[in-house]
Amino acid sequence: AYTSLIINGGTISGNTAEYGGGVYTSNCTFSMDGGTITGNHAYQMFGGVFAANMTVSGNPVISRNTIDAAGDQEDNLAIILPSLASTNRLTLGALTEGAKIGVSVYAQRQGVSGTYDYVEPTADTPVRFTMEEADTSYYADSAQYFFSDRKGYIAQANDRKYLELA
């Protein structure tokens, strides 16, 4: 059955798992309007959050979650490509002061089910991490609340109405 997980505050912290140290959802909508997911750890992937269908709004904090696979690399909110073209997606509500969300973008390794590789942005090819929306007047402002889990990249609003890492 398709279910919903709704977080309107509180903290998820100090958890450990093989995948999805903080929150791992599948066949579920996940709505986070405030609250904190921090200090969680995964041995393989998705240290903080893997959610197939997630909406963030208000002032959520998803940061300081890690994975072993990359030597305690920060890995907060995992976005899987080509999820942006399917039912798996990250949708933005209006974010407010105090929101802080780290993002890692992955793609499934071709021919290997369940295996994902980090997608590295380049100067010529930024990596999109939100759905394209018709009304995105708040997207440009929302970019300030996101950061790349990998150093050297920034989150920015694209004029084609989505957020990306560049």
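Small disclaimer: the values here were computed from a predicted structure and weren't measured.
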- Does a side-chain heavy-atom distance below 4.5 Å link Tyr116 with Ile80? yes
Report yes if the side chains of Asp75 and Arg150 come closer than 4.5 Å at any heavy-atom pair, otherwise no.
-> yes
| said: Looking only at the side chains, is there a donor atom on one of Thr11 and Thr36 sitting less than 3.5 Å from an acceptor on the other? | reply: no
Value for CG (Leu165) from CZ (Phe129), rounded to nearest 0.5 Å, stands at 5.0 Å
When rounded to the nearest 0.5 Å, the distance separating CG of Asn59 from CG of Leu95 is 9.0 Å
*Taking the six-membered ring for Trp, are Phe46 and Tyr24 parallel (under 30°), tilted (30 to 60°) or perpendicular (over 60°)?*
tilted
(Q) Using only atom types and a distance under 3.5 Å, with no angle test, would you say the side chain of Asn40 pairs donor to acceptor with the backbone of Ile12? (A) yes
Between Gly58 and Ala99 the two heavy atoms that sit nearest each other are O-CB, 3.9 Å
Requested in this report: Report yes or no: is the cationic atom of Lys100 (NZ for Lys, CZ for Arg) closer than 6.0 Å to the six-membered ring centre of Tyr145, at no more than 45° off its axis?
Outcome: no
In short, Ala42 meets Gly21 closest at the heavy-atom pair CB-N, 3.9 Å
For a 4.5 angstrom cut-off between non-hydrogen side-chain atoms, does Ile62 reach Met54? yes
Rounded to the nearest 0.5 Å, the CZ atom of Phe146 sits from the CG atom of Leu163 at a distance of 6.0 Å
- Message: Is there a side-chain contact between Leu5 and Thr29 in this structure, where contact means two heavy atoms from C-beta onward sitting under 4.5 Å apart?
- Response: no
Closest non-hydrogen contact found for Asn8 with Ile6 is ND2-CG2, 3.7 Å
Please assess Ile37 against Met32 for the test side-chain contact (heavy atoms from CB on, under 4.5 Å), listing each intermediate value before the final yes or no.
CA-CA 10 Å; Ile37 300 173; Met32 186 171 180; 3.7 Å; yes
- prompt: So, Asn76 and Glu74: side-chain donor and acceptor under 3.5 Å apart, yes or no?
  reply: yes
The reported gap from OG in Ser104 to CZ in Phe50 (rounded to nearest 0.5 angstrom) is 13.0 Å
Exercise. When clusters are formed by joining ILVMFWY residues with side-chain heavy atoms under 4.5 Å apart, either directly or through shared neighbours, do Ile7 and Val56 land in the same one?
Worked result: yes
Using modelled atom types and a 3.5 Å cut-off, is there a donor and acceptor pairing between side-chain atoms of Asn15 and backbone atoms of Gly22? no
Any non-hydrogen side-chain atom of Ile67 less than 4.5 Å from a side-chain atom of Gln44? no
Would you say Val105 and Leu92 are hydrophobically clustered, going by side-chain heavy atoms of ILVMFWY under 4.5 Å? yes
Check whether any side-chain heavy atom of Glu164 lies under 4.5 Å from a side-chain heavy atom of Val127, and answer yes or no.
no
OG1 (Thr130) and CG (Leu90) are apart, to the nearest 0.5 Å, by 6.5 Å
Rounding to 0.5 Å, atoms CZ (Phe147) and CD1 (Ile101) come to a distance of 9.0 Å
Nearest heavy-atom contact between Pro121 and Ala166 is CB-CA, 4.2 Å
Is there a donor in the side chain of His41 and an acceptor in the side chain of Thr66, or the other way round, less than 3.5 Å apart?
-> yes
Tightest non-hydrogen contact, residues Gly93 and Ser142, listed as O-OG, 4.5 Å
